[in-house]
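Quick notes on the structure that follows.
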Number of protein chains: 2
Amino acid sequence: MCGMTVIDGNPVQAPPVDACVAAGADYPRPDGQDSYTIGEVAEFTGLSAPTLRWYEQIGLMPQVERSHNGQRRFGNRDLDWLNFVRRLRLTGMPVADMVRFAELVRQGEVTYDERREILERTRTEVLTRVLELQDTLAVLESKINFYAAAHRAPEGA
Amino acid sequence: MCGMTVIDGNPVQAPPVDACVAAGADYPRPDGQDSYTIGEVAEFTGLSAPTLRWYEQIGLMPQVERSHNGQRRFGNRDLDWLNFVRRLRLTGMPVADMVRFAELVRQGEVTYDERREILERTRTEVLTRVLELQDTLAVLESKINFYAAAHRAPEGA
DNA sequence: GCTTTGCTTCAAGTGCACTTGAGGGCTTTA
DNA sequence: TAAAGCCCTCAAGTGCACTTGAAGCAAAGC
């Protein structure tokens with residue numbers, strides 16, 4: 001059933017990003033480290049620093065830790081979450097919906113059902129999109145072949 | 001070679017939408033008709049009438065026929081083109097790039113090579129996106145399964 | 001010590017893809 | 001003949017997802 005760290009009754013403080021954050025490629029990150037500046041995270045994720053701040057501001061990030069002098073310190077958990085956000089963005093989900101999901105995550109286990117429903121709807125949409133894109137791939141290849149053939153035999157026989 | 005109407009040295013007037021417009025589902029359209037109002041096309045395509053006008057204005061449509069009193073009359077050829085545009089939009093291609101492609105189409109056979117290159121780049125991008133979405137599907141399913149399992153067995157073990 | 005580098009907040013600006021509004025014309029139905 | 005419905009153009013407005021600018025703090029290098 002998904003072999004990831006199921007620490008949802010969280011020990012210290014970091015809010016549960018989400019249970020089950022395995023599967024799929026992660027962002028590159030240095031080994032044995034769990035604290036990154038916004039600049040580092042920007043580099044890892046390809047998101048700009050302002051975007052990361054904005055994500056936090058609108059509630060798309062589970063509030064980020066701060067260093068003694070007020071600078072953000074992102075943890076691996078945050079990188080996992082950003083990786084998931086990247087995937088959702090890829091599916092075309094509006095940021096507002098992702099924020100909604102993030103709120104549900106913050107509310108804890110009681111929202112499991114609603115979270116599941118959201119992800120199931122998303123899954124259906126993604127599946128549809130994948131099928132359409134595969135159709136589109138066929139269209140593209142047929143056109144590419146046409147152009148290539150026309151190139152070899154200029155002016156239709 | 002793609003078995004569609006390859007009339008690129010065009011007989012009467014309608015500009016060559018594109019050679020090779022087969023493959024993939026078309027918009028629904030009444031049989032044996034080749035002239036539709038903007039309202040009908042809006043209904044077929046799901047695009048709004050203003051959007052269709054805007055597409056024409058920015059050069060994304062090969063200029064549309066007009067009736068005696070100046071109203072647009074879209075043909076099946078236009079529907080085919082809009083269907084292709086819909087696919088390109090689905091791939092995330094910016095409208096500006098589609099306009100560029102439309103320009104190439106208007107310029108005729110001499111642009112076959114450039115068109116092929118564009119479509120090849122697009123194909124690569126779409127392929128990448130499909131793979132990422134399939135990855136995302138796996139992530140979604142794993143999370144869905146987690147939530148479903150947690151639902152059946154509330155509070156760990 | 002002073003400048004550079006990298007971070008901070010808050011507000012305003014940008015780019016894209018449309019959408020909406022204002023003002024008007026033609027054709028069809030009451 | 002008058003109102004309804006569908007079309008027209010042109011210009012301005014909207015929503016989303018960021019991006020940029022202004023003003024300032026704080027540790028690091030010369």
Side-chain angles (χ1 to χ4, degrees), chain A residues 30 33 35-61 63-75 78-79 81-103 122 125 129, chain B residues 30 33 35-61 63-75 78-79 81-103 122 125 129:
Chain A
Q33 200 185 328
S35 177
Y36 314 95
T37 66
I38 199 169
E40 289 168 333
V41 174
E43 194 172 345
F44 295 160
T45 63
L47 297 166
S48 71
T51 296
L52 290 168
R53 293 194 193 99
W54 178 67
Y55 276 4
E56 188 190 8
Q57 189 195 327
I58 64 176
L60 186 47
M61 290 291 302
Q63 94 274 52
V64 180
E65 298 285 309
R66 299 298 180 117
S67 71
H68 67 96
N69 61 358
Q71 294 191 350
R72 288 175 183 78
R73 290 293 177 261
F74 293 77
D78 295 317
L79 289 184
W81 173 255
L82 284 171
N83 195 33
F84 182 54
V85 163
R86 182 185 61 83
R87 293 192 174 285
L88 290 184
R89 216 172 25 135
L90 210 81
T91 70
M93 181 184 285
V95 166
D97 292 9
M98 293 191 248
V99 169
R100 170 76 186 134
F101 191 86
E103 275 164 12
T122 304
E125 288 168 20
R129 177 185 245 81
Chain B
Q33 200 185 326
S35 176
Y36 315 94
T37 67
I38 199 169
E40 289 167 332
V41 174
E43 195 172 343
F44 296 159
T45 63
L47 298 165
S48 72
T51 296
L52 289 168
R53 292 193 194 99
W54 178 68
Y55 276 5
E56 189 190 6
Q57 189 195 327
I58 64 176
L60 186 47
M61 291 291 301
Q63 94 272 55
V64 179
E65 298 285 307
R66 298 299 179 118
S67 72
H68 68 95
N69 61 359
Q71 294 190 352
R72 287 174 184 79
R73 291 292 177 261
F74 294 76
D78 296 317
L79 290 183
W81 174 254
L82 284 171
N83 195 34
F84 181 54
V85 163
R86 182 185 61 83
R87 293 192 174 284
L88 289 184
R89 216 172 23 136
L90 209 84
T91 70
M93 181 185 284
V95 166
D97 291 9
M98 295 191 245
V99 169
R100 170 76 186 135
F101 191 85
E103 275 165 10
T122 305
E125 288 168 22
R129 177 185 246 82

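Each chain gets a letter, A, B and so on, in the order the sequences are listed, and its residues count up from 1.
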| query | Counting only side-chain N and O atoms of B:Tyr55, is one of them less than 4.0 Å from OP1 or OP2 of C:dC18? | reply |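 Checking C:dC18 against B:Tyr55, a side-chain N or O does come within under 4.0 Å of OP1 or OP2.
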| query | OP1 or OP2 of C:dC18 sitting under 4.0 Å from any side-chain N/O of B:Arg89? | reply |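 Yes.
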List the residues meeting salt bridge (Lys or Arg N to Asp or Glu O under 4.0 Å) with [X], not counting sequence neighbours, and say none if there are none.
X        : answer
A:Arg100 : A:Glu103, A:Glu114
B:Glu40  : none
A:Arg89  : none
B:Arg53  : none

May I have the distance from [X] (atom [atom1]) to [N] (atom [atom2]), rounded to whole angstrom?
X       : N      : atom1 : atom2 : value
B:Ile58 : C:dG15 : CD1   : C1'   : 14 Å
B:Met98 : C:dC16 : CE    : C1'   : 11 Å
A:Met93 : D:dA17 : CE    : P     : 12 Å
A:Tyr36 : C:dC7  : OH    : C1'   : 19 Å
A:Leu88 : D:dC16 : CG    : P     : 18 Å
A:Glu40 : C:dT5  : CD    : C1'   : 14 Å
A:Glu56 : D:dC18 : CD    : P     : 16 Å
B:Gln57 : C:dC18 : CD    : C1'   : 12 Å

| field | For B:Ala42, side-chain contact (heavy atoms from CB on, under 4.5 Å) partners two or more places apart | value |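 By the side-chain contact (heavy atoms from CB on, under 4.5 Å) rule, B:Ala42 matches B:Leu52.
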| query | Taking only residues two or more places apart in sequence, or in another chain, which ones meet B:Ser48 in a side-chain contact (heavy atoms from CB on, under 4.5 Å)? | reply |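 Here the qualifying residues are B:Pro50, B:Thr51.
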Using a cut-off of under 3.5 Å, enumerate the N/O to N/O pairs linking the protein to nucleotides 22-24 of chain D.
none

| said: Just to verify, what does A:Thr37 make a side-chain hydrogen bond (donor to acceptor under 3.5 Å, both in side chains) with, not counting sequence neighbours? | reply: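 With sequence neighbours excluded, A:Thr37 shows a side-chain hydrogen bond (donor to acceptor under 3.5 Å, both in side chains) to no residue whatsoever.
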For residues [X] and [Y], determine if any side-chain heavy atom of one lies less than 4.5 Å from a side-chain heavy atom of the other.
X        : Y        : value
A:Met61  : A:Leu82  : yes
A:Thr45  : A:Arg86  : no
B:Thr122 : B:Phe101 : no

| task | Just call it for A:Arg72: base, sugar-phosphate, or nothing, with non-hydrogen atoms closer than 4.0 Å on any strand. | result |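 The answer is sugar-phosphate, as A:Arg72 gets under 4.0 Å only of primed atoms, P, OP1 or OP2.
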| If you look at every strand shown and take non-hydrogen atoms under 4.0 Å, does A:Arg66 touch a base, only sugar-phosphate, or nothing? |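 Sugar-phosphate contact only - A:Arg66 comes under 4.0 Å of backbone atoms but never of a base.
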| field | Relative orientation of the end axes in the helix from C:dG1-D:dC30 to C:dA30-D:dT1, expressed as an angle to the nearest 10° (five pairs per end) | value |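 Roughly 10° between the end axes, to the nearest 10°.
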| Shortest non-hydrogen contact between A:Val64 and A:Glu56, atoms and distance |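 What the structure gives for the nearest pair is N-OE2, 3.2 Å.
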| query | Which heavy atom of B:Val99 sits nearest a heavy atom of B:Gly59, and at what distance? | reply |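 Taking B:Val99 first and B:Gly59 second, the nearest heavy atoms are CG1-O, 4.3 Å.
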| note | With sugar-phosphate taken as primed atoms, P, OP1 and OP2 and all else as base, the protein-contact string of nucleotides 19-27 of chain C at under 4.0 Å (heavy atoms; B, S, -) is SB-----SS
Pairs under 3.5 angstrom, nitrogen or oxygen only, protein versus nucleotides 10-14 of chain C, please.
none

| query | Out of D:dC18, C:dT9, C:dA17, which nucleotide sits closest to the side chain of A:Arg53? | reply |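 Among the listed nucleotides, the one closest to the side chain of A:Arg53 is C:dT9.
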| Residues which pass ring pair (Phe, Tyr, Trp, His ring centres under 6.0 Å) with A:Tyr36, listed by chain and number, not counting sequence neighbours |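 A:Tyr36: ring pair (Phe, Tyr, Trp, His ring centres under 6.0 Å) contacts with A:Phe44.
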| said: Going by side chain to side chain contact (heavy atoms under 4.5 Å, CB included), B:Ile38 matches just one of B:Gln71, B:Arg72, B:Glu43. Which one? | reply: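 Only one option passes, and that is B:Arg72.
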